[in-house]
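Both ligands and their constituent atoms are indexed starting at 1 by order of listing. Because only heavy atoms are used, hydrogens play no part in the values below, and waters and symmetry mates are left out as well, while side chains stay in.
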Amino acid sequence: MSDLFQLIGRKLLFKLDPEDAHGLSVKTLKTGLVPNCAPTHDPALRVKVAGLEFPNPLGMAAGYDKNAEIPDALLKLGFGFAEVGTLTPLPQAGNPKPRIFRLVEDEAVINRLGFNNGGHDAAFQRLSARQGRDGIVGVNIGANKDSTDRVGDYVAGIRKFYDLASYFTVNISSPNTPGLRDLQARESLKELLGKVLSVRDELAVRSGVRRPVFLKIAPDLPDTSLDDIAAEIALHPLDGLIISNTTLARSGLKNTSNAAQSGGLSGRPVFERSTIILAKMRQRVGANLPIIGVGGIDSAKAAITKMRAGADLVQLYTSMIYQGPGLPARIVKELSAVLRREGIVNIADLRDRDVDDWAARKTPD
Ligand SMILES: Cc1cc2nc3c(=O)[nH]c(=O)nc-3n(C[C@H](O)[C@H](O)[C@H](O)COP(=O)(O)O)c2cc1C
């Protein structure tokens, strides 16, 4: 399937506006006529993180399936888990188009979508319809642009999807909603984590099921902010971090036509930056807090590098735009092959081997 994509699919899709191409991909996956290319489960890839049993550590990152239309199709492609959203309480249109730009030479994308999504109710209906099906589906929650109570929007997300989400991601790192990233500052984070996690704890007692909550952070944070976030996390029952969202940095790009577009950059150029931040956070939070590594993963080798730098699980988005829907199954198969070749019993054994090396690197300017 991937060869066919490389030969025909990519050429056709890349003739379309990136957002139209994305819409077409989602529509195609929505038909349900997706060949089940998930590799058979390999016990060496199975990992238990935050109380959940992942069949493999590779997930679909947030933003691909913003409205929870195709989580099962994504799982069929070979992903070990799928994250839907970002979902905001009310539907919103996002920023004016065009708002996604390809940087083909860099295998990267710049987006300034601004949380375009159909809102909680529509996604709730869809996720309710799949209730009871197997597969780990996380729900990524955010705040409406015009909200007068942003923290309240996150709390509403936890309440709305508590029975349907395998886990939650509190996304405070999109660069495309003005002021959102300010929630990463210590005092704001304290209020946010306090309120979100106390509602989760209340619902956990009531339902008897404790849903993990992860916090997704930006790759553009200075060491002092990383210190603050780690210190605040230590005071709250957070279940993990997702590192990272897109970057505002533009260093080292080959593309000259789209590099100046505003928005968040993702794909290959964000790999190094996001991996350094991941390792720095692993050093700060210690060995026990789960971390999901995201940013520029485009191969089994890149996934392993993230895990060696401190990740328990990994996610990707942009590389699938460039390499097509066969990519997750290819990566998962290759992960199995690498483990077999190197005599590694379980992929979790690779975690943290290179944390100090990565943490010592200088973030690109
Ligand atoms: C078009 C696009 C839309 C995205 N939308 C979201 C989103 O709604 N919520 C979120 O948390 N991250 C979003 N992301 C960020 C990705 O989840 C991921 O963190 C980032 O792209 C880095 O991974 P990658 O290099 O594999 O793409 C989006 C990324 C892209 C390219």
Side-chain angles (χ1 to χ4, degrees), residues 17-23 25-26 58-68 74 79 81-88 92 94-95 97-103 106-119 123 138-145 154 157 168-177 180-181 183-184 214-220 241-249 258 261 263-275 277-278 291-299 302-303 305-306 311 313-323 327-328 331:
D17 163 78
E19 194 166 346
D20 292 341
H22 177 70
S25 306
V26 172
L58 178 68
M60 179 79 233
Y64 190 88
D65 184 13
K66 284 195 186 262
N67 291 309
L74 293 171
F79 287 111
F81 61 111
E83 186 169 314
V84 303
T86 296
L87 289 158
T88 56
Q92 62 179 27
N95 292 319
K97 293 179 185 176
R99 52 194 183 173
I100 306 182
F101 306 89
R102 294 186 196 98
L103 288 74
D106 301 294
E107 297 210 6
V109 157
I110 291 173
N111 93 81
R112 52 168 178 270
L113 289 165
F115 287 171
N116 56 314
N117 78 108
V139 176
N140 179 307
I141 51 177
N144 277 115
K145 186 180 175 196
Y154 290 93
F168 288 99
T169 299
V170 172
N171 175 19
I172 50 171
S173 46
S174 166
N176 300 315
T177 295
L180 193 87
R181 284 181 165 202
L183 288 169
Q184 295 172 126
F214 302 136
L215 183 73
K216 185 165 178 179
I217 64 171
D220 303 325
L241 284 167
I242 302 192
I243 304 171
S244 74
N245 215 309
T246 57
T247 180
L248 290 171
N258 283 334
Q261 292 291 346
L265 174 73
S266 59
R268 210 170 261 176
V270 81
F271 181 81
E272 191 181 2
R273 175 180 301 274
S274 59
T275 310
I277 300 290
L278 157 68
I291 303 183
I292 303 180
V294 204
I297 292 175
D298 57 2
S299 62
T305 303
K306 284 271 190 213
L313 299 165
V314 293
Q315 293 175 320
L316 62 78
Y317 180 163
T318 304
S319 57
M320 207 162 93
I321 297 174
Y322 287 96
Q323 297 193 51
L327 181 65
I331 291 181

If you measure from each non-hydrogen atom of [X] to ligand 1, which part falls under 4.0 Å: side chain, backbone, both or neither?
| X | value |
| --- | --- |
| K66 | side chain |
| S244 | backbone |
| N111 | side chain |
| L113 | side chain |
| K216 | side chain |
| N117 | neither |
| N140 | side chain |

Would you say S319 contacts ligand 1, with heavy atoms under 4.0 Å as the rule? no

Any heavy atom of G295 closer to ligand 1 than 4.0 angstrom? yes

With a cut-off of 4.0 Å, which atoms of ligand 1 are near a heavy atom of G63? 4 (C), 5 (N), 6 (C), 7 (C), 8 (O)

Is there at least one pair of N or O atoms, one from [X] and one from ligand 1, spaced under 3.5 Å apart?
| X | answer |
| --- | --- |
| A62 | yes |
| I100 | no |
| V294 | no |

Atom 29 (C) of ligand 1: closest protein heavy atom, distance to 0.1 Å, is Y317 CD1, 3.6 Å

Name the closest protein heavy atom to atom 27 (O) of ligand 1, giving the residue it belongs to and the distance to 0.1 Å. T318 OG1, 2.6 Å

If you count the non-hydrogen atoms of other residues, nucleotides and ligands that lie under 6.0 Å from NZ in K145, is the total more than 12? no

Using the test salt bridge (Lys or Arg N to Asp or Glu O under 4.0 Å), find all partners of E107 that sit at least two apart in sequence or belong to another chain. R268

